[in-house]
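Each remark here refers to the structure printed beneath this line.
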Amino acid sequence: MTDLVRLERNEDIGVIVIDHPPVNALSSAVRQGVIDALETLANDLTLKAGVLTCATRTFVAGADIREFDNPPPGAKTTNDVCRALDQSPKPVVAALFGTALGGGLEIALACHARVISPDGAVGLPEVKIGLLPGAGGTQRLPRLIGALHALDIITSGRHVPAAEALKLGIVDEIGTDHRGLAINRARAMAQTGEMPRVRDLAVPEMDRAAFDKAADAIRKKARGAVAPGEAAASVARALDVPFDDAILAESAAFHALRTGPQSKALRHIFMAERAAGKLPPGIAADTQPWTIRSTGVIGGGTMGAGIAICIADSGLPVTLVEVSDAAVEGARGRIAAVYDRQLKQGRLSEAEHAHRLSRIDFATDVKALADADLVIEAIIENLEAKQDLFRRLSAVVRRDAVLASNTSYLNIELLADVVDNPERVLGLHFFSPAHVMRLLEIVRPKRLAAAGLATALALAKRIRKQPVIAGVCDGFIGNRLFAHWRLQTDFALEDGALPHEVDAALEAWGLAMGPFAVGDLSGLDIGWSNRKRLAPTRNPAARYVPIADWICELGRYGQKTGAGWYLHKDGKREIDPVVTALVEKASAARGITRKPVSAERIQLRVLAAMANEGAKILGEGIASRPSDIDVTLVHGYGFPAWRGGPMHAADAVGLETILAAVRDMYAESGPGLEPAPLLEQLVATGQNFASLNR
Ligand code: T1G
């Protein structure tokens with residue numbers, strides 16, 4: 001045994017305890033320790049049975065992701081642990097709690113029974129990091145709960161709460177004293193001699209056509225991600241391939257995915273998410289956050305209502321302030337509609353529905369926030385209005401109350417200027433719908449106290465948001481990159497592509513929906529204002545000032561006719577010939593000879609524009625590391641996670657190629673698209689963005 005795994009004794013039961021904080025990840029040393037403990041259990045005549053459990057806060061949360069790039073040579077695998085359990089001469093019962101995930105659930109499935117604590121959950125989330133369960137999960141789970149349920153759990157990667165796990169048959173019992181229950185169950189099994197092995201069970205009969213249909217739907221929904229389809233194929237093998245052969249095929253598929261680009265990208269995002277949630281270099285890692293007990297939100301429109309819901313969902317009380325009783329009723333209605341829908345969908349119980357609503361109070365005077373620890377404004381995107389509000393708040397709330405703005409691009413420094421204590425002013429940029437989108441840009445003005453930043457990170461964790469710290473600039477990180485992404489798609493129109501060709505190119509690249517199709521959701525006229533804002537503030541000589549007007553002409557057409565880029569019929573989109581003719585007419589009027597634009601060129605230029613702007617953001621100190629930019633685009637803008645974000649994807653293409661594309665774009669489109677000095681420096685020194693992630 002290693003010091004990460006110990007064998008405790010409870011009379012005639014050997015309790016194997018894994019103790020590898022923080023999540024008991026199955027590292028090579030832990031796997032070896034469990035195998036050694038099972039051997040001791042098998043050879044100790046005073047022990048009649050075993051229990052497998054963990055110390056600290058959770059049962060094993062999976063194999064150790066940090067080992068995947070360089071697996072220790074000759075180390076025992078998780079499959080070896082499962083084989084040792086299969087070969088155990090004595091029953092072993094798993095005592096689950098916290099989140100028993102991935103390899104953790106797989107070793108539990110190789111045990112002879114499983115008990116779980118009431119607040120525990122199980123899952124096989126490997127697809128979320130571009131893998132499939134590689135230690136028998138695709139073979140044992142179908143044998144326990146049927147192939148269709150197993151297919152859903154394995155290809156969605158979702159967590160299964162204890163009650164559902166019991167109902168499905170993944171676990172045998174639920175109990176607060178999960179370890180005591182497991183000991184009793186192990187002792188009883190030793191006495192009766194029963195020790196069923198999941199591998200020996202037959203997969204329950206089911207409708208194969210239904211399974212195949214579900215598997216096909218999963219492949220279609222994966223939008224370019226390969227792991228879900230591979231996982232489905234492995235589950236299918238449980239239906240008609242002998243167990244040991246299917247295990248070999250599962251292992252082969254696992255290793256092919258582990259060494260492939262998509263899993264590397266998804267593991268990069270997994271680690272990047274956690275890095276982004278930490279205080280940046282230069283601030284003491286143990287900086288304590290201020291205490292947040294009560295909060296206020298000002299403005300009950302779509303954003304303000306969504307932010308209030310986030311806060312209430314986290315268990316904190318929130319007072320939403322609007323300008324009038326009528327506006328309060330509007331906000332109340334927006335909030336109730338969200339919770340009523342969740343109740344109807346079965347996502348909330350009646351009691352929880354009432355609880356959450358009870359946490360939200362309403363007022364029409366900011367004086368109601370006098371005791372709030374944190375106030376977030378979500379009023380009109382107008383600097384003067386926000387400054388006026390901050391002046392009034394400064395006179396009402398406590399001097400140490402955090403004042404945050406949800407602005408999506410205004411200069412937070414100018415808000416800090418007007419309050420009595422600028423150290424507690426920052427930006428909390430939520431993404432619409434605020435109660436759904438995970439990204440939260442924490443915008444850090446120069447005078448923000450370290451504890452203020454720590455407070456924002458702690459709040460993000462509490463309201464289950466993915467934080468990214470951004471410096472103050474026009475558009476912070478996400479909107480700044482997005483503006484350049486959209487500029488390239490408009491340039492593609494001018495060069496000769498049609499809207500549906502641009503959408504098709506980017507959807508083939510992994511986007512859920514192309515930019516013009518997205519535009520149709522909000523209406524042609526929306527969003528052009530963002531483009532117009534970008535163009536004149538940069539350089540009137542640049543090419544994109546005229547195109548901003550050109551695109552706005554189309555926007556006005558959309559406004560007038562209510563048309564979109566597409567005709568939408570029965571949930572399908574078709575090209576609108578009127579709009580296509582408009583695009584061609586606008587080009588002709590500008591004397592542009594349109595020529596076909598390849599999907600590859602559209603994809604490369606969109607990526608290159610984002611990577612170049614990302615390099616400028618890094619050079620200006622707006623983002624601490626390239627992986628923060630990756631997390632922003634993945635969680636806020638639908639960038640395909642299996643490409644790892646724009647900076648990781650640019651590394652994968654090669655920065656020389658990226659820089660060459662940037663230089664071409666600059667030559668064609670002028671100021672604002674200059675190659676970033678950092679990008680040129682990385683190419684000149686043979687480095688990449690990954691070398692800057694620390
Ligand atoms: N390996 C290594 N480190 C891990 C880890 C893992 N599997 N999971 C978490 N950590 C680290 C994480 O990096 C962070 O470190 C700390 O633990 C707290 O994590 C064979 C091959 C368990 C729900 O995909 O979903 O098993 O930043 O901040 O919010 O078929 O972590 O403190 O240094 O996320 O409370 C499958 C991934 C692996 C689960 C806890 N398992 N982890 O969430 O804490 S593949 C997973 C999570 C596998 C088998 C295959 C979450 C969590 P640091 P945290 P949390």
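Just follow the structure's listing: the first ligand is 1, and inside any ligand the first atom is 1. Predicted model, so just to flag it, every value in this text is computed and none were measured.
Of the charged side-chain nitrogens involved, none lies within less than 4.0 Å of a carboxylate oxygen, so that D86 and R83 do not count as a salt-bridged pair. Electrostatic pairing of R143 and D200 does not count as a salt bridge here, judged by no charged N lying under 4.0 Å from a carboxylate O. A salt bridge is absent between D313 and R359: the closest approach of a Lys/Arg side-chain nitrogen to an acidic carboxylate oxygen does not fall below 4.0 angstrom. Under the 4.0 Å criterion applied to side-chain N and carboxylate O atoms, R6 and D19 are assigned as salt-bridge partners. Salt bridge K264/D651: absent, no basic N to carboxylate O contact under 4.0 Å. Between D216 and K220 there is no salt bridge, since none of the side-chain N atoms of the basic residue sits less than 4.0 Å from a carboxylate O of the acidic one.
In this structure, a donor-acceptor pair under 3.5 Å is absent between the side chains of D630 and S627.
Between H648 and H268, the two ring planes are parallel [angle under 30°; tilted spans 30° to 60°]. By the 30° and 60° cut-offs, the orientation of the rings of F639 relative to W509 is perpendicular.
Annotation: atom 25 (O) of ligand 1 to nearest protein heavy atom, L101 CD1, 4.1 Å. Atom 2 (C) of ligand 1 has D64 OD1, 3.3 Å as its closest protein atom, hydrogens excluded (heavy atom only). When hydrogens are left out, the protein atom nearest atom 1 (N) of ligand 1 is I65 N, 3.0 Å; that is the closest non-hydrogen contact. Remark: minimum distance from atom 3 (N) of ligand 1 to any protein heavy atom is reached at R66 NH2, 3.3 Å. The nearest heavy-atom contact from the protein to atom 10 (N) of ligand 1 is V23 CG2, 3.8 Å.
Checking only distances, A25 never comes within under 3.5 Å of ligand 1, N or O to N or O.
Partners of E39 by side chain to side chain contact (heavy atoms under 4.5 Å, CB included), not counting sequence neighbours, listed by chain and number: N43.
When the heavy atoms of A61, S27, G102 are ranked by distance to atom 41 (N) of ligand 1, first place goes to A61. Relative to atom 14 (C) of ligand 1, the option among R274, R57, E67 with the closest non-hydrogen atom is R274. If you check each of F254, F270, F68 against atom 47 (C) of ligand 1, the one with the closest non-hydrogen atom is F270.
Every atom of ligand 1 is numbered from 1 in the order shown, and the set under 4.0 Å from a heavy atom of P133 is 30 (O). Each of the atoms 24 (O), 41 (N), 46 (C) of ligand 1 lies under 4.0 Å from some heavy atom of P125. Close approach of ligand 1 to E106 (heavy-atom distance below 4.0 Å) involves ligand atoms 20 (C), 30 (O), 49 (C). Less than 4.0 angstrom separates some heavy atom of A63 from each of these atoms of ligand 1: 1 (N), 6 (C), 7 (N), 20 (C), 21 (C), 26 (O), 38 (C), 48 (C). Those atoms of ligand 1 that come under 4.0 Å of a heavy atom in P22, given as number and element, are 16 (C), 17 (O). Each of the atoms 26 (O), 48 (C), 49 (C) of ligand 1 lies under 4.0 Å from some heavy atom of G103. Shown in contact with E126 at under 4.0 Å from a heavy atom are these atoms of ligand 1, numbered in order with element: 26 (O), 30 (O), 45 (S), 48 (C), 49 (C), 50 (C).
Within the 4.0 Å heavy-atom cutoff, K278 counts among the residues contacting ligand 1. In this structure, G134 is part of the shell of residues with a heavy atom less than 4.0 angstrom from ligand 1. Remark: distances from the non-hydrogen atoms of K461 to ligand 1 include one below 4.0 Å.
In H20, the NE2 atom is crowded: over 12 heavy atoms of neighbouring residues, nucleotides or ligands sit closer than 6.0 Å. Within a 6.0 Å radius of NZ in K90, more than 12 heavy atoms belonging to other residues, nucleotides or ligands are found.
By the definition of a contact as any protein heavy atom under 4.0 Å away, atom 37 (C) of ligand 1 is in contact. Taking a distance limit of 4.0 Å, we find that atom 52 (C) of ligand 1 is approached by no protein heavy atom.
The minimum heavy-atom distance between R625 and L692, with the atom names listed, is CB-O, 4.1 Å.
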